[in-house]
Amino acid sequence: HLSAAGHEVLAVVRPGTPADLPAALLLRANLETPGDWQAALAACDAVIHLAARYRIGGVDRREMAAANIEATRHVLEAAWRAGVGRIVHVSSTAALGETGAGPGDENSRHNGRFRSFYEQTKHVGHGLAEAMQQRGAPLIIAIPGGIFGPGDQSDLAQVLGQFVHGKLPMQVASESRFQLCPVDADCDGLRRVVEHGVIGRNYLLTGATVGMAQLIERAAAVAGLPLPKKVQPASLRWPARICDALRPLGIRLPLSKEALQVMDGSSYLYSSARAESELGWPWLDHCSTFGERFDEYVRTLLPTATGSKGA
């Protein structure tokens, strides 16, 4: 999106990580420690910090804190010292916390109950960015909700992939609600924040309100599969502990103690009215077309034979 809009892009990529960014100049660096990458910021008109580690359950806490907190501190402070005129920190609705019935807005504050270590680290990183805003840094905070699309390796993508391949015999019975937006729509929102966002303001970039049961139902309709049995969270506590114990061995299963905490009936629902009114980001349009876009995504997860049959 940035390249298509005429921007020259320098992308800082973690060493050893594949990167298919033909329109960008790549710089391999570890943002968790100061280094030569900081000098490159002086040539930039704007910096977008969206590097983070996301995983629910079985996480390396030291590694996640280094990425979501220390790297955030290093990048934002280095960009400010380098004289970058526009700095965008990409936060998360998790950083603002649950909303109950909602909707929350950019002024919402976390109630202090963290359902995952990811949520806690993103909250701390968000606080670092806000503190810099108050100190006068030319900083804007973009706050996406959940996203989906090509290349997604999240727990949600894993659950959907296992389901459409017939490997998800049950689902957690949960009333938790959250928001999802196609990744390309969120990227368009970030471009608008960089180009038109007001320094010192924050912008939510959320999507349609959904729940896991609704997503599984849509995936079942696309794949032509029966719905998996719903199981109460209390009966999955011991299996979740076993799954957590297997993760250090490289066996990643879509169940964990943290996942059960996340699916406790809480809701993270936020309005993107500010981004729509000030940046022209078509939030309501993205919400109305969610079903169609999500179904398209599920089709990309189908086994090859199933996908060719419907072609």
Side-chain angles (χ1 to χ4, degrees), residues 1-2 5 7 9-14 17 19 21 24 29 31-32 37 41 44-55 64-80 84-97 104-106 108 110 118-133 137-149 151-154 178-207 268 270 272 274-275 278-279 281 283 286:
H1 288 265
L2 290 170
H7 298 287
V9 178
L10 170 66
V12 181
V13 182
R14 189 182 301 273
T17 302
L21 300 168
L31 301 178
E32 295 156 11
W37 60 267
L41 301 183
C44 298
D45 299 315
V47 166
I48 309 172
H49 174 56
L50 48 74
R53 290 193 181 273
Y54 171 74
R55 179 171 290 182
M64 181 171 282
N68 297 356
I69 299 174
E70 293 308 316
T72 295
R73 187 197 316 274
H74 291 153
V75 172
L76 300 185
E77 290 185 349
W80 194 11
V84 177
R86 297 179 70 80
I87 307 170
V88 177
H89 169 60
V90 181
S91 183
S92 166
T93 52
L96 302 183
D105 61 22
E106 287 84 356
S108 296
H110 205 289
Y118 169 78
E119 180 175 338
Q120 186 174 359
T121 57
K122 289 299 289 185
H123 172 70
V124 175
H126 187 99
L128 292 174
E130 284 194 322
M132 288 186 61
Q133 284 180 324
L139 199 151
I140 308 167
I141 303 177
I143 314 170
I147 60 173
F148 67 93
D152 188 5
Q153 299 181 19
S154 68
F178 50 96
Q179 290 164 297
L180 277 181
C181 186
V183 63
D184 60 313
D186 248 13
C187 288
D188 172 62
L190 290 176
R191 177 189 62 79
R192 293 170 188 258
V193 170
V194 173
E195 293 179 343
H196 308 297
V198 177
I199 297 295
R201 280 175 79 73
N202 303 340
Y203 295 92
L204 279 152
L205 301 170
T206 59
Y268 291 66
Y270 288 87
S272 295
R274 175 182 290 179
E278 295 186 11
L279 307 179
W281 188 63
W283 171 51
H286 293 317

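Of the inter-residue distances, the one linking L128 atom CG with E77 atom CD reads 8.0 Å to the nearest 0.5 angstrom. Atom NE2 of H196 is separated from atom CG of L279 by 7.5 Å, given to the nearest 0.5 angstrom. Rounded to the nearest 0.5 Å, atoms CG (L190) and CD1 (I48) are 6.5 Å apart. Distance check, rounded to the nearest 0.5 Å: CG of L2 to CG of L10 gives 12.0 Å. Atom OG of S91 sits about 12.0 Å away from atom CG of L50, to the nearest 0.5 Å. To the nearest 0.5 Å, atoms OH (Y118) and CZ (R55) are separated by 13.5 Å.
A side-chain donor from one of N202 and Q133 sits under 3.5 Å from a side-chain acceptor of the other. T72 and H89 are not linked by any side-chain donor-acceptor pair at a separation below 3.5 angstrom, with hydrogens and angles left out of the test.
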Set out, in order, the CA-CA distance, both residues' side-chain angles and the distance that settles side chain to side chain contact (heavy atoms under 4.5 Å, CB included) for Y203 and V198, then state yes or no. CA-CA 9 Å; Y203 295 92; V198 177; 3.5 Å; yes
Begin with the C-alpha distance, continue with both residues' side-chain angles, and end with the deciding distance and a verdict on salt bridge (Lys or Arg N to Asp or Glu O under 4.0 Å) for R73 and E32. CA-CA 9 Å; R73 187 197 316 274; E32 295 156 11; over 6 Å; no
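Looking at H126, E119, H123 one by one, the single match for side-chain hydrogen bond (donor to acceptor under 3.5 Å, both in side chains) with H110 turns out to be E119. Considering L96, I143, D105 as possible partners of Y270, the one that fulfils the side chain to side chain contact (heavy atoms under 4.5 Å, CB included) test is L96.
Judged by distance alone, with hydrogens and angles left aside, the side-chain atoms of H74 form a donor-acceptor pair with the main-chain N or O of E70 at under 3.5 Å. Of the possible polar contacts, none joining the W281 side chain to the D186 backbone as a donor-acceptor pair under 3.5 Å is found. Here the side chain of R192 pairs no donor or acceptor atom with the backbone of A275 at under 3.5 angstrom.
Between V90 and P144, some side-chain heavy-atom pair lies under the 4.5 Å cut-off. In this structure, the side chains of N68 and V124 stay at 4.5 Å or more apart for every pair of heavy atoms. Looking at V88 and H49, their side chains never come closer than 4.5 Å, going by heavy atoms from C-beta outward. Counting heavy atoms from C-beta outward, E130 and I141 have side chains that approach closer than 4.5 Å. A heavy-atom distance below 4.5 Å is not found between the side chains of P138 and R86.
Listed here is the closest heavy atom pair of T121 and A65: CG2-CA, 4.1 Å. Taking every heavy atom of both residues into account, C181 and G207 meet most closely at CB-CA, 4.0 Å. In terms of heavy-atom proximity, M132 sits nearest to W80 at CE-CE3, 3.6 Å. Scanning all heavy atoms of the two residues, the minimum distance from V84 to V47 falls at CG1-N, 3.7 Å. Here the closest heavy-atom approach between residue A137 and residue I199 is recorded as O-CG2, 4.2 Å. Closest non-hydrogen pair, G197 versus I140, comes out as O-CD1, 3.5 Å.
Looking at E278 and R201, a side-chain N of the basic residue comes within less than 4.0 Å of a carboxylate O on the acidic one, giving a salt bridge.
Residues Y268 and F178 place their aromatic rings such that the two centres sit no closer than 6.0 Å.
Among residues two or more places apart in sequence or in another chain, the salt bridge (charged side-chain N to carboxylate O under 4.0 Å, His left out) test is passed with D152 by none. Listed by chain and residue number, D188, E195 satisfy the salt bridge (charged side-chain N to carboxylate O under 4.0 Å, His left out) test with R191 (two or more places apart in sequence, or in another chain).
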